[in-house]
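Beneath this line is the structure, given in structure tokens, with notes to follow.
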Amino acid sequence: MLHLTVAGSLEPLADELADRLEVPLADPFTPEVVVVPGAGVRDWVTRRVAGRLGVAANLDFAFPAALVARVLGDDDGYGAWAVGPLTWAIHEALVERGGELGLPADAVRARAIADLFDRYALYRPGMVLRWSAGDDVGATGLALDEHQRWQPALWRDVQHRLGGGPTDAQRLAARARALREGEVDDHLAEVPERVFLFGLASLPSPHVDLVCALARHREVHVLAPVASPADWARVADRLTGPLALPVLRSDDAAVAGSAHPLVTGWGRTSREANLLLLDAAQQVDRPDIVAPDPPPPLPADASVLARLQHGIRADAWTDAGVVRELPVLDAADPSIRWHRTYGPARQVEVLRDALLHLLEERDDDGSPRFEPRDVAVLCADPGGFAPLVEATFAGDPDHGVPRLPVQVADRSLRRDNA
């Protein structure tokens, strides 16, 4: 059975996960599989669950690709089209047929094409399935222009060089179809009776199809965050029937712009992910879908940050047809602060100083208002900033600069150890 729970933040989703974990499996020694988007979310939810239950143990955290591989089975051949082996198969094809395809043979080009093919398999599965069948079509199903037809030709050549068996896209589609038709095999024994997908803002459509097909045989809980519950409700209301993929963005009203400009400008990916997930969930037999709670009313004395958050959650930018004024940064309202700094090193130093001031704030009873565990620092390049953060946050206690405890998550192995 599929249980889809949607909330406007991770906290209620983590509490829902803890409530579900309180009900033990038939075999209490079987690890609970929790699929997370990254190491940062994994560490956070572990602490949150431990705070609720007293201990967080026997949890088998995995990334989405690991769950997919487990459902497919280790001996199914899935992964032969991973970027690594795919790069060298493409390079071999370019060496032999590069002139015919109009492409020079070099490893850098082969890697770039492998990355492109990998994204096609995840986000344009219908297109590459038709390529394997011999059709030179694009994502919309229309015939490709002549100058683009080297791509399906190279795809089929690489498929032949990799043994002529099914591609990863074909394996995913076939496995999802078999699960929907009720097929059970030994591979499914590797998947416990209950699986959680926590904090995934989006999943590629082949993974969504496989997860929903798995729900026919297992108890699958999808705990999905949304930035704007009102926008999610609007998408759900407009989804009146099964989607006929591919859906052109210009033709589908369900992914049209929203009322709040930030939801419109930055929320398109989230809206499309919600649309795919809802469409797949509604095609499951008796899905359990829990919609996010609407945001509470905004108090009159709300801060700048609270007003901004409420506008995004409610997807509202007008009051009685009158456009709201933009929230104005105010020195007396520290809920949003903007620092103009130059260079990564100086940015980290300013961050450290701002956090030290924050940790010095006290409540009326004199207790600290915040602790280091209450602070999350978001960064577009954790691997690049990690050495600066670790060095700067170490401080210099001998000269009056306190040390700040810090844990850097979501660094790649390549950045940790070249």
Side-chain angles (χ1 to χ4, degrees), residues 35 62-94 96-97 101 110-141 143-144 148-191 195 203-218 220 243 245-246 276 280 283-284:
V35 180
F63 297 147
L67 175 64
V68 169
R70 185 179 297 192
V71 175
L72 288 173
D74 293 336
D75 59 348
D76 190 71
Y78 181 75
W81 281 70
V83 173
L86 188 59
T87 298
W88 297 112
I90 291 174
H91 185 265
E92 180 184 345
L94 293 181
E96 296 183 13
R97 298 187 56 198
L101 298 172
R111 175 55 186 259
I113 296 174
D115 285 331
L116 183 66
F117 280 4
D118 181 63
R119 292 196 297 273
Y120 282 164
L122 284 178
Y123 300 104
R124 297 291 183 267
M127 180 180 72
V128 296
L129 289 174
R130 293 190 62 181
W131 285 4
S132 295
D135 298 330
D136 295 348
V137 297
T140 60
L144 285 171
Q148 293 282 2
R149 293 183 181 176
W150 65 268
Q151 297 186 73
L154 180 59
W155 178 275
R156 289 188 288 268
D157 185 283
V158 169
Q159 185 170 0
H160 174 73
R161 292 175 187 276
L162 290 175
T167 65
D168 283 357
Q170 289 174 314
R171 288 187 175 94
L172 280 170
R175 184 60 165 158
R177 183 169 55 253
L179 290 173
R180 282 195 298 270
E181 293 172 355
E183 180 179 314
V184 178
D185 54 24
D186 294 338
H187 297 321
L188 211 56
E190 299 296 322
V191 183
V195 175
L203 274 176
S205 58
H207 292 184
V208 172
D209 291 341
L210 188 66
V211 166
C212 291
L214 177 65
R216 180 182 175 90
H217 308 273
R218 296 291 187 268
V220 178
L243 290 176
L245 298 174
L276 290 174
Q283 297 179 42
V284 175

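Not measured: the values here are computed from a predicted model. Positions are given from 1 along the sequence.
The nearest pair of heavy atoms linking D157 to A93 is OD1-CB, 3.3 Å. Minimum interatomic distance between T87 and A110 (heavy atoms only, all atoms of both residues): O-CB, 3.6 Å. The minimum heavy-atom distance linking D168 with A82 is given by the pair OD2-N, 4.1 Å.
Distance check, rounded to the nearest 0.5 Å: CD of E190 to CG of L72 gives 12.5 Å. Interatomic distance, L86 CG to R111 CZ, rounded to the nearest 0.5 Å: 10.0 Å.
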Side-chain donor-acceptor contacts of residues 206-218 below 3.5 Å, not counting sequence neighbours, with atom names and distances?
unit_1, atom_1, unit_2, atom_2, d
H217, NE2, L179, O, 2.9
R218, NE, V191, O, 2.9
R218, NE, P192, O, 3.2
R218, NH2, L188, O, 2.8
R218, NH2, V191, O, 3.4

Which pairs of donor and acceptor atoms, one on a side chain in residues 129-140, lie under 3.5 Å apart (sequence neighbours left out)?
unit_1, atom_1, unit_2, atom_2, d
R130, NE, D135, OD2, 3.4
W131, NE1, V137, O, 2.7
S132, OG, V128, O, 3.3
S132, OG, W155, NE1, 3.0
S132, OG, Q159, OE1, 3.0
D136, OD1, R156, NH1, 3.1
D136, OD1, R156, NH2, 2.8

Do any side-chain atoms of residues 117-126 form donor-acceptor pairs under 3.5 angstrom with protein atoms, and if so which ones, sequence neighbours left out?
unit_1, atom_1, unit_2, atom_2, d
Y120, OH, Q151, OE1, 2.8

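Side-chain N or O atoms of Q283 include none that pairs as donor or acceptor with a backbone N or O of A280 at under 3.5 Å.
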